[in-house]
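What follows is a short report on a single structure.
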Amino acid sequence: MKENEKAALITGIGGQDGSYLTELLLEKNYTVHGMVRRTSNLLRSRIEHLRRDEKIYGQRFFLHYGDLSDGTTLRRIFRNVRPTELYHLAGQSHVGLSFEIPESTCEEAGMATLRLLEIARDQPAPVRFYHASSSEIFGNATETPQTEKTPMLPTSPYGCAKAFATQLARVYRQSYGLFVCNGILYNHESPRRGENFVTRKIARGVARIARGLDVDLVLGNLESRRDWGRAQDYVRAMWLMLQHKAADDYIVATGETHSVREFVEAAFAIVDLPWEKYVKRDPSFDRPTEPANLVGCADKIRRVLEWKPTGTFPQLVREMVEAELAAIEIKSGQ
Ligand code: G4F
């Protein structure tokens with residue numbers, strides 16, 4: 001198949017990963033279809049620049065109303081779009097929140113994936129299916145770093161739902177020969193990260209304090225450690241998985257961990273302010289349980305797909321803080 005005949009369908013297109021993936025696929029000459037939920041606010045900030053581009057929107061980029069719980073509409077979208085590649089990224093993805101809304105989290109992260117696997121299985125022409133799995137499936141991991149073979153031991157409702165969906169994807173691959181890949185992604189960040197995830201919350205808070213718009217930054221557990229990479233690199237990994245001759249599962253990670261405290265220190269250093277003066281601790285942001293030691297071994301994807309992460313931890317922190325400072329400047333100039 002020629003590259004320009006490729007049609008991708010993306011669930012969760014309005015999120016951080018969906019927006020970077022859309023840009024990547026458009027660059028590669030795909031036709032990109034995104035599924036969006038109906039909301040009262042028509043503005044979808046991360047993809048608005050593409051929606052306003054008349055050369056792209058309605059030509060090679062389309063949005064369709066749909067909902068992960070609505071199987072009839074999902075099937076109709078498939079029939080109209082006839083995707084050659086499906087990137088399933090949608091669903092409630094905040095781990096802390098999954099303790100408060102476990103049923104809807106499991107419905108979206110678990111059952112909806114099963115629904116899509118069933119639809120993909122029924123398609124007349126083969127569809128390559130990317131499932132956004134997560135390091136949260138490992139939870140209290142039995143080994144460090146984790147590999148594709150590490151047993152799943154999730155510690156949150158979100159992790160349980162992702163473990164269910166990850167294993168189902170494997171079952172559909174083995175049982176029906178479906179081309180489905182689990183991307184087991186560790187935390188990946190960017191200026192487009194949602195504001196309630198810790199890196200964006202810190203970057204935004206630091207910029208607002210530096211410009212006199214806030215007086216403090218209230219956080220949960222500063223000692224938590226994560227393997228943080230760049231979202232732009234991680235969407236490239238998703239695409240690479242679906243271009244390979246065989247479907248498989250891959251860990252996508254940097255192999256390096258840092259604490260929330262280290263992120264805070266690096267972010268405040270950029271604006272030359274003492275973090276201890278501004279950071280307040282609020283245990284209400286703590287989770288009932290935290291994964292033990294999540295750090296990924298990405299040897300397999302490095303070897304098989306020749307993927308590697310770019311940039312360093314300090315560069316990531318700087319990119320995020322500078323983006324927030326620039327956003328404040330643009331707003332104040334309006
Ligand atoms: O930024 P976080 O909310 O990300 P978390 O829980 O690691 O999950 C993210 O990465 C997973 C792996 O890729 C994804 F599966 C998942 O969908 C999501 O994208 O929290 C990171 C750490 C946690 O240990 C949390 O307890 O930061 C700690 N933290 C400390 N203070 C905070 C805060 N987290 C948030 N969200 N807000 C705080 O104020």
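Read the numbers this way: they start at 1 and go in the same order the structure lists the ligands and their atoms.
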Atoms in ligand 1 flagged as close to V260, the criterion being non-hydrogen separation under 4.0 Å: 27 (O), 28 (C)
In a check of side chain to side chain contact (heavy atoms under 4.5 Å, CB included) between V264 and each of V198, V279, V206, V317, which one passes? V279
Closest candidate by heavy atom, reference atom 24 (O) of ligand 1, pool S284, G229, S224: S224
Would one find an N or O of H188, backbone or side chain, under 3.5 Å from an N or O of ligand 1? no
Measure the distances from the heavy atoms of R200 to every atom of ligand 1 and state whether one is below 4.0 angstrom. no
Taking R208 first and then E195, would you say they form a salt bridge - that is, a charged N and a carboxylate O separated by under 4.0 Å? no
Count the heavy atoms belonging to other residues, nucleotides or ligands that lie under 6.0 Å from CG of D122, then report whether that count exceeds 12. yes
Could you tell me whether some N/O pair between W228 and ligand 1 is separated by less than 3.5 angstrom? no
Quick one: sort the F61 and Y57 rings into parallel, tilted or perpendicular, breaks at 30° and 60°. perpendicular
Salt-bridge criterion met for R121 and E118 (N-O under 4.0 Å): yes
Is there a polar contact, in the sense of an N or O pair closer than 3.5 Å, between T199 and ligand 1? no
Would you mind listing which atoms of ligand 1 come within a distance below 4.0 Å of any non-hydrogen atom of S93? 16 (C), 17 (O), 18 (C)
Can you name the atoms of ligand 1, numbered from 1 with element, that are less than 4.0 Å from a heavy atom of G220? 30 (C), 31 (N), 33 (C), 39 (O)
Out of E189, R226, R193, who is nearest to atom 22 (C) of ligand 1 when you count heavy atoms only? R226
Give the numbers and elements of all ligand 1 atoms closer than 4.0 Å to a heavy atom of K201. 38 (C), 39 (O)
I need the nearest protein heavy-atom contact for atom 8 (O) of ligand 1: residue, atom name and distance, please. V95 CG2, 3.5 Å
Could you tell me if the side chain of F78 sits less than 4.5 Å from the side chain of L9, heavy atoms only? yes
Please check if any side-chain donor atom of Q243 sits under 3.5 Å from a side-chain acceptor atom of K28, or the reverse. no
Record the part of Y186 in heavy-atom contact with ligand 1 below 4.0 Å; permitted values are side chain, backbone, both and neither. backbone
Please classify the L294 to ligand 1 contact at 4.0 Å (heavy-atom distances, strictly less than): side chain, backbone, both or neither. neither
When distances are taken from atom 20 (O) of ligand 1, the protein heavy atom at minimum range is R287 NH2, 3.6 Å
If you measure from each non-hydrogen atom of R261 to ligand 1, which part falls under 4.0 Å: side chain, backbone, both or neither? neither
State whether the side chain of D282 and the backbone N or O of V218 hold a donor-acceptor pair below 3.5 Å, judged by distance alone. no
Is the count of non-hydrogen atoms from other residues, nucleotides or ligands lying under 6.0 Å from K55 atom NZ greater than 12? no
I'd like to know if E306 pairs up with R302 as an ion pair, taking the criterion as any Lys NZ or Arg NE/NH1/NH2 lying under 4.0 Å from an Asp or Glu carboxylate oxygen. no
Any carboxylate oxygen within less than 4.0 angstrom of a Lys/Arg side-chain nitrogen, looking at K300 and D248? yes
Tell me whether G96 reaches ligand 1 (any heavy atom closer than 4.0 angstrom to a ligand atom). no
Using distance alone, determine whether E136 and ligand 1 share an N or O pair under 3.5 Å. no
Taking the six-membered ring for Trp, are F268 and Y278 parallel (under 30°), tilted (30 to 60°) or perpendicular (over 60°)? parallel
With a cut-off of 4.0 Å, which atoms of ligand 1 are near a heavy atom of S135? 12 (C), 13 (O)
How long is the span from the NE2 atom in H188 to the CG atom in L316, to the nearest 0.5 Å? 11.5 Å
Could you check whether the rings of F129 and H88 sit parallel, tilted or perpendicular, using 30° and 60° as the cut-offs? perpendicular
Pick from S134, P291, G296, S156: the one approaching atom 15 (F) of ligand 1 most closely through a non-hydrogen atom: S134
For V198, is at least one N or O under 3.5 Å away from an N or O on ligand 1? yes
Which bit of F285 is near ligand 1, meaning a heavy atom under 4.0 Å away: side chain, backbone, both or neither? side chain
K162 touching ligand 1 at heavy-atom level, < 4.0 angstrom: no
Against heavy atoms of E290, which atoms of ligand 1 measure under 4.0 Å? 23 (C), 24 (O), 25 (C), 26 (O)
Counting from 1 in the order shown, the ligand 1 atoms closer than 4.0 Å to a non-hydrogen atom of L185 are 12 (C), 13 (O)
What part of N187 sits under 4.0 Å from ligand 1 if we count only heavy atoms: the side chain, the backbone, both or neither? both
What protein heavy atom sits nearest atom 36 (N) of ligand 1, and how far away is it? N196 O, 2.9 Å
What class does the angle between the rings of F263 and F313 fall in, given that below 30° is parallel, 30 to 60° is tilted and above 60° is perpendicular? perpendicular
